[in-house]
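On a predicted model such as this, the values are computed, not experimentally measured, just so you know. Reckoned from all heavy atoms, side chains included, excluding hydrogens, waters and symmetry mates.
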Amino acid sequence: MMVAEFTAGGARARLYELGARRVLVTGTGPLGCVPAELALHSQNGECAAELMRDVNLFNPQLVDMVRGLNRAIGANVFVTANTYRMNFDYLSNPQKYGFTNVQVACCGQGPYNGIGLCTAASNVCADREGFAFWDAFHPTERANRIIVGQFMHGDTDYMHPMNLSTILA
C-alpha cells in the first residue's frame with residue numbers, strides 16, 4: 001500500500017529508529033455524533049452524515065497503514081485503537097451502558113448544549129453519570145472509563161494487534 005510505504009520512511013519509522021517499541025495510534029471517534037456537530041447539523045438528533053463518512057474512510061486506512069508499517073519493521077510496534085467502535089458502542093446502545101443521554105452535553109449552551117465552552121454561564125446537568133458527553137466534544141468520566149476498559153482488555157475488534165493488558169504482561 002502506498003501510504004504504508006511512504007510512512008515507513010517517515011516519522012513513524014524514525015520513532016522505531018529512536019527506540020520506540022510500542023506506540024499506540026488511535027483512530028478518530030464518531031465525530032459526527034458529538035454535541036457540537038449535532039448543534040450545527042442535526043435536526044432530529046441524527047449524527048452528521050458527512051463527518052461520519054469521513055471517519056469511516058479514515059479509520060480503516062489508518063489501520064491498513066499501521067499494519068503495513070508493522071510488516072515493514074517486522075514487529076508489532078504500532079498498536080491501533082478503534083476509538084470509533086469504543087464510543088459508538090455506548091452511543092448506539094446507551095441503556096446497556098447505563099446512559100440516559102448520549103446526545104446532549106452535560107455542560108454547554110444552545111442546542112444539545114453543543115455551542116461554546118463549558119463556563120459559569122452554561123447549562124449544567126444535575127447528574128453527569130447519565131450523560132455520555134461532558135461538553136460539546138469530550139466524553140464524561142464515566143464514558144472515558146468504558147473507553148479505557150477497551151484499551152486495556154478489548155479484543156482485536158477494539159485493539160489491534162493486541163490490547164494494553166497484553167502489552168503490559
According to a 4.5 Å side-chain heavy-atom criterion applied to Ile, Leu, Val, Met, Phe, Trp and Tyr, with indirect links allowed, do [X] and [Y] form part of one hydrophobic cluster?
X: L24; Y: M86; answer: yes
X: F99; Y: F133; answer: yes
X: V66; Y: M162; answer: no
X: V34; Y: V124; answer: no
X: L31; Y: F88; answer: yes

What is the distance from atom [atom1] of [X] to atom [atom2] of [Y], rounded to the nearest 0.5 Å?
X: I115; Y: S122; atom1: CD1; atom2: OG; result: 11.5 Å
X: D64; Y: L69; atom1: CG; atom2: CG; result: 12.5 Å
X: Y112; Y: N101; atom1: OH; atom2: CG; result: 10.0 Å
X: N113; Y: D135; atom1: CG; atom2: CG; result: 10.0 Å
X: M152; Y: I147; atom1: CE; atom2: CD1; result: 15.0 Å

Does any N or O in the side chain of [X] come within less than 3.5 Å of the main-chain N or O of [Y], such that one atom is a donor and the other an acceptor?
X: Q150; Y: I146; value: no
X: T28; Y: V55; value: no
X: S42; Y: A39; value: no
X: R21; Y: N76; value: no

With a 3.5 Å cut-off and sequence neighbours excluded, list the donor-acceptor pairs that the side chains of residues 47-54 form with protein atoms.
none

So disulfide bond (SG atoms under 2.5 Å apart) across residues 110-169, not counting sequence neighbours, yields C106-C125, C107-C118

Does any part of the side chain of P30, heavy atoms only, come nearer than 4.5 Å to the side chain of L91, both counted from C-beta? yes

Does the side chain of L117 reach to within under 4.5 Å of the side chain of Q109, using non-hydrogen atoms?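 They are not in side-chain contact.
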
Donor + acceptor pair across side chains of S165, H153 (<3.5 Å):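 Distance-only check passes for S165 and H153.
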
Give the minimum heavy-atom separation between [X] and [Y], together with the two atoms involved.
X: N144; Y: P139; result: ND2-O, 3.4 Å
X: A136; Y: A105; result: N-CB, 4.1 Å
X: I73; Y: V77; result: CG2-CG2, 4.1 Å
X: L38; Y: C33; result: CD1-O, 3.7 Å
X: T140; Y: F131; result: OG1-O, 2.9 Å

On the 0 to 90° scale, with breaks at 30° and 60°, tag the Y97-Y90 ring pair as parallel, tilted or perpendicular. perpendicular

Enclosure of R128 CZ (heavy-atom neighbours >12, cutoff 6.0 Å):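 No, because the 6.0 Å sphere around CZ of R128 holds 12 heavy atoms or fewer from other groups.
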
Among N163, D89, N82, which residue meets the side chain to side chain donor-acceptor pair (under 3.5 Å) test with Y158?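 By the side chain to side chain donor-acceptor pair (under 3.5 Å) criterion, Y158 pairs with just one of N163, D89, N82: D89.
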
Show your working on side-chain contact (heavy atoms from CB on, under 4.5 Å) between N87 and R85 and close with a plain yes or no. CA-CA 5 Å; N87 285 270; R85 174 118 185 251; over 6 Å; no

V79: which of I167, V25, N70 passes side chain to side chain contact (heavy atoms under 4.5 Å, CB included): I167

Residues that E46 engages under salt bridge (Lys or Arg N to Asp or Glu O under 4.0 Å), provided they are two or more places apart: none

